[in-house]
Amino acid sequence: QVQLVESGGGLVQAGGSLRLSCAASGRTFSIYDMGWFRQAPGKEREFVATISRITWSGSRTDYADSVKGRFTISRDNTKSTLYLQMNSLKLEDTAVYYCASGDNLYYTRVPDFWGQGTQVTVSS
């Protein structure tokens, strides 16, 4: 079983920054793809960003168009931790952010495991 615990959410003004963290345990962190999803009130959960397992050529990243250039996903395999650096936050970034893990998440966008979520609220 995998446990994913997010932290770092909170209230921030538009234009500000936050960094989310996701601590993973229960299986070897480095060999799985990881990702971030979010769900705004009244909306379906949506993909935000993903980072692949590390291979000989490094890790690959991909982002939703709505966050490209503003958000950066990264991973620290020595700490079994996933990060999401969020800059230039907008009101529409307000949502519950979920950490996710999956064997092939980078391509399928379908996680095997979810965290419990952390609230991010952007105010004007």
Side-chain angles (χ1 to χ4, degrees):
Q1 197 56 275
V2 175
Q3 293 79 42
L4 302 171
V5 180
E6 301 95 335
S7 61
L11 177 63
V12 62
Q13 284 192 323
S17 299
L18 277 177
R19 189 177 81 154
L20 305 183
S21 299
C22 172
S25 62
R27 65 178 185 178
T28 306
F29 178 77
S30 62
I31 65 174
Y32 295 97
D33 297 344
M34 300 292 297
W36 290 97
F37 293 73
R38 67 186 182 186
Q39 186 167 20
K43 294 187 177 181
E44 293 188 351
R45 193 172 298 188
E46 64 176 4
F47 165 76
V48 174
T50 184
I51 185 167
S52 69
R53 71 204 74 187
I54 290 180
T55 66
W56 63 272
S57 60
S59 283
R60 293 159 293 175
T61 59
D62 197 16
Y63 299 89
D65 288 343
S66 58
V67 306
K68 278 181 182 176
R70 299 189 299 120
F71 289 11
T72 302
I73 188 172
S74 61
R75 64 192 299 164
D76 185 339
N77 289 335
T78 65
K79 297 181 179 179
S80 294
T81 302
L82 177 73
Y83 302 100
L84 185 68
Q85 178 66 44
M86 305 185 294
N87 298 329
S88 302
L89 282 161
K90 303 176 181 180
L91 296 179
E92 53 263 41
D93 294 320
T94 295
V96 177
Y97 283 72
Y98 296 91
C99 173
S101 171
D103 285 352
N104 204 25
L105 176 58
Y106 181 83
Y107 290 107
T108 67
R109 307 291 198 256
V110 178
D112 299 319
F113 299 98
W114 294 95
Q116 84 289 348
T118 186
Q119 177 70 46
V120 172
T121 302
V122 183
S123 64
S124 58

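Along the sequence shown, the residues carry numbers beginning at 1. Owing to the predicted nature of the structure, the values given are computational and were not obtained by experimental measurement.
Under the rule for a ring pair (Phe, Tyr, Trp, His ring centres under 6.0 Å), Phe29 has no partner lying at least two apart in sequence or in another chain. With sequence neighbours excluded, the residues that form a salt bridge (charged side-chain N to carboxylate O under 4.0 Å, His left out) with Arg70 are Asp93. Partners of Lys68 under the salt bridge (charged side-chain N to carboxylate O under 4.0 Å, His left out) rule, at least two apart in sequence or in another chain, are Asp65. Residues satisfying the salt bridge (charged side-chain N to carboxylate O under 4.0 Å, His left out) test with Arg45, not counting sequence neighbours, are none. Among residues two or more places apart in sequence or in another chain, the side chain to side chain contact (heavy atoms under 4.5 Å, CB included) test is passed with Thr55 by Arg53, Ser57. Listed by chain and residue number, nothing satisfies the salt bridge (charged side-chain N to carboxylate O under 4.0 Å, His left out) test with Asp76 (two or more places apart in sequence, or in another chain). Partners of Val12 by side chain to side chain contact (heavy atoms under 4.5 Å, CB included), not counting sequence neighbours, listed by chain and number: Leu18, Leu89, Val122.
Ser52 places a side-chain N or O within donor-acceptor distance of the main-chain N or O of Arg60, the cut-off being under 3.5 Å. With Tyr63 contributing its side chain and Ile73 its backbone, the two residues share a donor-acceptor pair below 3.5 Å.
Rounding to the nearest 0.5 Å gives a distance of 12.0 Å between CD of Glu6 and CD of Gln119. Tyr98 OH to Trp114 CH2: the interatomic distance, rounded to the nearest 0.5 Å, is 8.5 Å. Rounding to the nearest 0.5 Å places OG of Ser123 at 5.0 Å from CD of Gln13. Note that the CG atom of Asp33 and the CG atom of Asn104 stand 6.0 Å from one another [nearest 0.5 Å]. Taken from CZ in Arg38 to NZ in Lys43, the straight-line distance is 8.5 Å, to the nearest 0.5 Å.
When hydrophobic clusters are built by joining Ile, Leu, Val, Met, Phe, Trp and Tyr residues whose side-chain heavy atoms come closer than 4.5 Å, directly or via intermediates, Met34 is not grouped with Phe47. Hydrophobic clustering (ILVMFWY, side-chain heavy atoms < 4.5 Å, transitive): Leu91 and Phe71 are in one cluster.
Using a 4.0 Å cut-off between charged nitrogen and carboxylate oxygen, Asp62 and Arg109 count as a salt-bridge pair.
Heavy-atom minimum distance, Tyr97 versus Val48: CE2-CG2, 4.4 Å.
Pairs of residues two or more places apart, or lying in two chains, never qualify as disulfide (SG to SG under 2.5 Å) while including a residue from residues 25-72. The disulfide (SG to SG under 2.5 Å) pairs that include a residue from residues 51-97 number zero, where partners must be two or more places apart or lie in different chains. Sorted pairs that involve residues 37-85 and meet disulfide (SG to SG under 2.5 Å), not counting sequence neighbours, are lacking altogether. For residues 71-124, the disulfide (SG to SG under 2.5 Å) pairs, not counting sequence neighbours, are Cys22-Cys99.
Inter-residue side-chain proximity for Leu105 and Pro111 is flagged as met; some heavy-atom pair is nearer than 4.5 Å. Between Arg27 and Phe113 there is a side-chain heavy-atom pair separated by less than 4.5 Å.
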N/O donor to acceptor pairs below 3.5 angstrom from side-chain atoms of residues 79-86, sequence neighbours left out:
residue	atom	partner	partner atom	Å
Thr81	OG1	Lys79	O	2.8
Gln85	NE2	Asn87	OD1	2.9

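No side-chain N or O of Tyr32 forms a donor-acceptor pair with one of Arg75 less than 3.5 Å apart.
When Leu20, Leu11, Thr94, Val96 are each tested for a side-chain contact (heavy atoms from CB on, under 4.5 Å) with Val120, only one passes: Leu20.
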